Amino acid sequence: MNEYNGWTNYETWLVNLEMGLTDDSHAFEARNLDDLIVELKEYAENAIDSDNTLATCFAHTILAKVDWREIAEAVLDLLMEN
């Protein structure tokens, strides 16, 4: 994997950037890392259109490469600050 802008890879950076997952505008319920990873994945998957278009296939390909643990750690750090 190639690191990108301080994140594990391009896909992780892109999902975090586009979905704003590490700002304080989201009300995530989980307070432990494993539960938060599940919640983040569900949040992202729900944002994808449910039809079987090429864009949806591309989106799922990107989500499969995301380091959800890295994003969850950043979100959890933010939640613990508040």
Side-chain angles (χ1 to χ4, degrees):
M1 273 188 228
N2 296 328
E3 190 175 296
Y4 192 87
N5 280 350
W7 293 86
T8 300
N9 57 30
Y10 172 77
E11 292 82 6
T12 303
W13 169 81
L14 180 65
V15 167
N16 179 67
L17 176 71
E18 294 299 330
M19 297 188 77
L21 295 174
T22 54
D23 66 27
D24 58 4
S25 64
H26 302 287
F28 296 110
E29 295 178 13
R31 289 298 185 258
N32 71 62
L33 192 59
D34 291 329
D35 290 346
L36 185 55
I37 290 169
V38 170
E39 192 174 345
L40 289 168
K41 284 181 181 178
E42 289 174 355
Y43 180 83
E45 289 169 355
N46 288 335
I48 297 173
D49 201 5
S50 63
D51 63 6
N52 193 16
T53 66
L54 185 58
T56 300
C57 292
F58 286 157
H60 283 290
T61 299
I62 288 172
L63 292 181
K65 294 181 179 183
V66 169
D67 184 338
W68 292 105
R69 179 169 296 277
E70 182 176 13
I71 293 176
E73 287 172 348
V75 170
L76 197 55
D77 286 346
L78 180 70
L79 291 173
M80 296 305 164
E81 289 175 4
N82 295 330

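In this text, all values refer to a predicted model and were calculated from it rather than measured experimentally. The figures here come from the full heavy-atom set of this structure, side chains too, leaving out hydrogens, waters and symmetry mates.
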Notebook entry, point to check: Taking the side chain as C-beta and beyond, is there a heavy-atom pair between Y10 and I62 under 4.5 Å?
Noted result: no

Next item on the list: Could you state whether L76 and Y43 fall into the same hydrophobic cluster, counting links through intermediate Ile, Leu, Val, Met, Phe, Trp or Tyr residues with side-chain heavy atoms under 4.5 angstrom apart?
Entry: yes

Next item on the list: Give, for atom CD of E73 and atom CH2 of W68, the distance between the pair rounded to the nearest 0.5 Å.
Entry: 14.0 Å

Check: Going only through I, L, V, M, F, W and Y residues with side-chain contacts under 4.5 Å, is there a path from V38 to L78?
Finding: no

Notebook entry, point to check: Measuring from L40:CG to F28:CZ, what's the distance to the nearest 0.5 Å?
Noted result: 5.0 Å

Note to self: I'd like to check R69 versus L33 (side-chain heavy atoms, cut-off strictly below 4.5 Å). Are they in contact?
What the structure shows: yes

Margin query: To the closest 0.5 Å, what do you measure between CD (E3) and OG1 (T12)?
Written below: 10.5 Å

Note to self: Determine whether a donor-acceptor pair (N or O, by modelled atom type, separation under 3.5 Å) exists between the side chain of E39 and the backbone of A30.
What the structure shows: yes

Item checked: Under 3.5 Å donor-acceptor, N9 side chain and K65 backbone -> yes

Next item on the list: Side-chain contact test, heavy atoms from C-beta onward, threshold under 4.5 Å: evaluate it for L14 versus Y4 and give yes or no.
Entry: no

Note to self: Nearest 0.5 Å, please: how far is CG in N5 from CG in L17?
What the structure shows: 9.0 Å

Next item on the list: For the residue pair T8 and E70, confirm or rule out a side-chain donor-acceptor distance under 3.5 Å.
Entry: yes

